[in-house]
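The analysis underlying the following values was restricted to heavy atoms, covering all of them including side chains, and did not include hydrogens, waters or symmetry mates. Convention: sequence-line order gives letters A, B, ...; per-chain numbering from 1.
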Number of protein chains: 2
Amino acid sequence: MATRRDVARLAGVSPSTVSRVLNDNGYVADDVRKRVHRAIEELNYVPNRLARSLRMQQSRQVACITPSISNSFYLEIVAGIEETALAHDYTFSLYSLTYEKREYLDVVLSGFYDGMILLAPYEMEKIVALSELAGRLPVSLYCDRERHPDLPHVYVDLRRAMRECTEHLISLGHRRIVFMGYQFSRPTQNPRYLGYRDALESNGIPLDESLTRLFPDYQDTLTCGYQTVCDLLDRGCSFTAICATNDLIAVGAMRALVEHGLKVPDDVSLTGVDDLEIASLVTPTLSTIRIPKRQIGNVLMEQMLAQIHGDAAAPRAVEVSTTLVLRESVKAPASPAP
Amino acid sequence: MATRRDVARLAGVSPSTVSRVLNDNGYVADDVRKRVHRAIEELNYVPNRLARSLRMQQSRQVACITPSISNSFYLEIVAGIEETALAHDYTFSLYSLTYEKREYLDVVLSGFYDGMILLAPYEMEKIVALSELAGRLPVSLYCDRERHPDLPHVYVDLRRAMRECTEHLISLGHRRIVFMGYQFSRPTQNPRYLGYRDALESNGIPLDESLTRLFPDYQDTLTCGYQTVCDLLDRGCSFTAICATNDLIAVGAMRALVEHGLKVPDDVSLTGVDDLEIASLVTPTLSTIRIPKRQIGNVLMEQMLAQIHGDAAAPRAVEVSTTLVLRESVKAPASPAP
DNA sequence: GGTTTATCGAAAATCGTTTTGCATACGCAA
DNA sequence: TTGCGTATGCAAAACGATTTTCGATAAACC
């Protein structure tokens with residue numbers, strides 16, 4: 001690898017002059033500037049970022065941690081992060097939660113990164129004790145669960161979103177609506193579930209426990225959706241609509257319905273959450289709550305940059321809004337409840 | 001940030017001794033070792049990776065470039081890369097091709113990375129002139145197109161795979177089989193298309209140009225699949241099976257067929273390539289050529305490590321094998337061709 | 001002729017490690 | 001007493017850049 005010295009030697013100038021050219025610092029005559037640039041070209045010289053980062057005490061790189069590297073929901077957010085990072089000449093590294101707690105801290109705090117973006121709505125507790133990080137390094141969180149008191153974060157109000165979604169079903173005439181999703185440590189911590197209950201309550205529909213299906217976290221979502229519907233039908237449970245807490249669960253549910261000879265949406269309406277690509281690929285297309293993933297990524301990175309630049313005026317919490325996207329999988333029930 | 005000096009001071013030893021403890025070289029008495037570890041704990045000391053990398057001339061980090069950061073096909077490969085990287089205490093950064101050619105070289109060659117893994121089956125030419133990299137930095141490629149003469153790479157033989165797939169359809173009795181996929185600069189560079197033709201030829205079925213549908217690269221795959229089928233049907237083209245060159249195209253095609261009142265697989269059989277998650281989520285489930293994405297990632301990283309460690313015996317080209325996965329979307333045609 | 005402005009070189013300090021050579025102990029055996 | 005292995009400290013060079021300071025030389029200006 002060519003160094004600054006080599007460039008200086010070839011251009012017949014001193015290393016300081018090369019620095020002056022590169023960083024636009026001090027007086028440099030035009031012809032000297034050209035000579036230096038030519039030497040850089042010729043040697044394929046690229047300034048060593050390690051040395052620069054070490055000296056400058058900043059790397060222009062951020063670490064980004066996702067629960068799962070192949071989960072397209074998070075990856076869309078990551079794409080948003082990359083977009084904004086790129087625009088500001090920043091680079092990022094991607095980690096998934098397969099790392100152990102301790103290793104994270106070490107890697108993240110080792111000087112390689114100027115900050116850390118955490119996409120960990122559910123698993124927040126599983127990883128780094130956030131308090132250990134606070135103050136040591138700029139951190140920016142994505143939460144879909146509850147707002148974080150201390151750290152800068154971006155969040156969506158899924159309680160309200162799910163309430164609106166459920167209320168839409170109710171307004172179409174649905175009364176027996178299944179809720180299916182993850183267990184969470186306590187159901188009252190599940191904003192999606194709370195939103196569902198809000199909607200029932202404000203419409204005077206009693207909560208039927210048999211229509212609530214919560215399964216443990218970290219299971220295969222598709223299978224969960226599939227088996228839960230099979231179980232419901234085996235028990236002879238009657239319902240006209242299903243709210244699933246994400247699109248994959250909904251797709252699993254859809255398969256189970258079809259295999260049992262039920263038509264979506266004629267016999268059962270179905271909704272998801274996330275608006276993954278798959279939601280508009282399945283037949284029938286899936287109604288869902290769109291979470292603006294790319295935008296979330298943008299905002300997370302902007303928040304990170306604000307912290308790195310010590311911009312005290314930057315907002316510590318940003319809400320991004322969801323949209324109810326109505327597609328083919330929802331319609332009024334054939335025989336509206338009395 | 002605490003440095004090695006601070007640790008040494010607190011433990012009452014010299015900085016060299018701390019190094020000896022950390023790197024396990026030279027003599028260190030047990031009680032000294034304990035004192036040092038305690039000091040490290042207390043100060044939350046984490047060795048500075050920038051300084052270490054600069055000194056060691058290696059960062060234990062590799063750059064990974066994908067055509068698209070939110071394409072789940074590549075992300076599965078990336079997950080495989082991460083898996084192996086992690087096992088060897090390596091870290092990686094993810095880039096997508098939104099970067100410009102020049103910027104890549106700079107970032108990748110700036111000392112931050114020990115190597116570069118390129119997932120660029122189609123766009124290989126669009127990015128870095130590979131020759132510029134060769135020799136400067138370890139590189140490992142994923143190719144699904146043609147084997148690369150110079151650089152270490154992992155490849156799949158899609159010509160053979162597509163041939164087997166098409167032959168399977170033929171063996172079921174299909175004669176009028178549509179091929180749809182990307183254009184490529186020349187059709188003869190498209191291994192999938194070649195495989196399709198191989199199968200027709202060896203079974204004495206004449207190639208019907210009207211059944212070959214190639215569309216330009218970089219278009220939205222889903223829409224391409226959808227519109228191509230619409231166009232075929234509008235022209236009154238008759239066919240009993242479709243080979244799509246990836247799963248998304250196939251899903252788009254599936255939607256078009258359903259909307260035209262055709263049943264899959266009763267009226268038309270359908271196959272894809274990749275075996276994305278979605279292939280087993282759609283109804284009917286999609287038959288496809290499985291590409292072992294995770295394994296590809298593993299092998300890519302292993303190849304990278306071999307290069308970094310200067311292991312001359314490591315193979316420069318590794319073929320991973322595909323599998324024809326038969327699901328619901330394929331069956332014998334209702335009225336076999338005469 | 002003196003002062004200012006433009007231009008460049010030389011040198012040093014710094015970032016936090018790793019690594020090496022050399023000095024200094026100590027304990028123990030020959 | 002000498003010699004050797006073990007255990008530790010100290011100092012210095014190196015990695016490759018940034019930044020600053022200090023000069024030295026011009027040319028330009030009044």
Side-chain angles (χ1 to χ4, degrees), chain A residues 1-37 39-40 43-61 89 106-114 136-137, chain B residues 1-37 39-40 43-61 89 106-114 136-137:
Chain A
M1 285 298 107
T3 75
R4 209 191 40 170
R5 288 175 74 98
D6 301 325
V7 174
R9 203 157 23 218
L10 182 61
V13 300
S14 81
S16 330
T17 305
V18 179
S19 269
R20 289 194 181 101
V21 172
L22 261 339
N23 305 324
D24 236 8
N25 225 352
Y27 301 110
V28 176
D30 271 355
D31 62 322
V32 173
R33 189 183 299 274
K34 269 179 204 150
R35 278 219 312 279
V36 170
H37 277 128
I40 289 176
L43 292 173
N44 279 317
Y45 168 73
V46 179
N48 187 306
R49 237 177 113 188
L50 289 174
R52 169 187 241 129
S53 300
L54 180 60
R55 175 59 223 254
M56 307 282 275
Q57 295 291 74
Q58 59 156 321
S59 63
R60 295 189 85 81
Q61 187 162 241
D89 209 23
D106 286 2
V107 171
V108 170
L109 293 173
S110 67
F112 245 81
Y113 304 107
D114 293 342
R136 297 237 264 162
L137 194 82
Chain B
M1 285 299 108
T3 74
R4 206 192 42 169
R5 288 174 75 99
D6 302 324
V7 175
R9 206 162 15 228
L10 182 62
V13 300
S14 82
S16 330
T17 306
V18 179
S19 269
R20 290 198 183 98
V21 171
L22 260 340
N23 304 324
D24 232 13
N25 61 25
Y27 302 108
V28 176
D30 270 356
D31 62 321
V32 174
R33 189 183 300 273
K34 270 179 203 149
R35 279 219 310 280
V36 170
H37 277 127
I40 290 176
L43 291 172
N44 277 320
Y45 168 74
V46 179
N48 187 305
R49 236 176 113 189
L50 288 174
R52 168 187 243 128
S53 301
L54 180 59
R55 175 59 224 249
M56 306 281 277
Q57 295 291 74
Q58 60 156 319
S59 62
R60 295 190 84 82
Q61 188 162 238
D89 209 24
D106 286 2
V107 171
V108 171
L109 293 174
S110 67
F112 247 79
Y113 303 107
D114 292 343
R136 296 237 263 160
L137 193 82

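Remark: C1' of D:dC15 and CD of B:Gln58 are 13 Å apart, rounded to the nearest angstrom. C:dT19 atom P lies 12 Å from atom CG of B:Asp24, rounded to whole Å. Atom P of nucleotide C:dA6 and atom CG of A:Asp31 are separated by 16 Å, given to the nearest angstrom. In this structure, the NZ atom of A:Lys34 is 14 Å from the P atom of C:dT7, given to the nearest Å.
Taking the salt bridge (charged side-chain N to carboxylate O under 4.0 Å, His left out) definition, one finds that A:Arg55 meets it with nothing, sequence neighbours left out. With sequence neighbours excluded, the residues forming a salt bridge (charged side-chain N to carboxylate O under 4.0 Å, His left out) with B:Arg33 are B:Asp24, listed by chain and number. Annotation: side chain to side chain donor-acceptor pair (under 3.5 Å) contacts of B:Arg35 (sequence neighbours excluded): none. Residues satisfying the side chain to side chain donor-acceptor pair (under 3.5 Å) test with A:Asn48, not counting sequence neighbours, are none. In this structure, the salt bridge (charged side-chain N to carboxylate O under 4.0 Å, His left out) partners of A:Asp6, at least two apart in sequence or on a different chain, are A:Arg9. A:Arg60 is linked by a side chain to side chain donor-acceptor pair (under 3.5 Å) to nothing, counting only residues two or more places apart in sequence or in another chain. Qualifying ring pair (Phe, Tyr, Trp, His ring centres under 6.0 Å) partners for B:Tyr113, counting only residues two or more places apart in sequence or in other chains: none.
For the pair A:Gln57 and C:dG16, the criterion of a side-chain N or O lying under 4.0 Å from OP1 or OP2 is met.
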Mind listing the N/O atom pairs, protein and nucleotides 17-26 of chain D, below 3.5 Å?
unit_1: D:dA17; atom_1: OP1; unit_2: A:Tyr45; atom_2: OH; d: 2.8
unit_1: D:dA17; atom_1: OP1; unit_2: A:Asn48; atom_2: N; d: 3.3
unit_1: D:dA17; atom_1: OP2; unit_2: A:Arg4; atom_2: N; d: 2.6
unit_1: D:dT18; atom_1: OP1; unit_2: A:Arg52; atom_2: NH2; d: 3.0
unit_1: D:dT18; atom_1: OP2; unit_2: A:Ser19; atom_2: OG; d: 3.4
unit_1: D:dT18; atom_1: O2; unit_2: A:Arg55; atom_2: NH1; d: 2.1

Tabulated below should be each protein N or O lying under 3.5 Å from an N or O of nucleotides 3-7 of chain D; please produce it.
unit_1: D:dT6; atom_1: OP2; unit_2: B:Tyr27; atom_2: OH; d: 3.0

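Each of B:Asp30 and B:Leu54 has a nearest nucleotide on DNA chain D; the 5'-most of these lies closest to B:Asp30.
Proximity of A:Arg4 to A:Tyr45: side-chain heavy atoms (C-beta onward) are separated by under 4.5 Å at one or more points.
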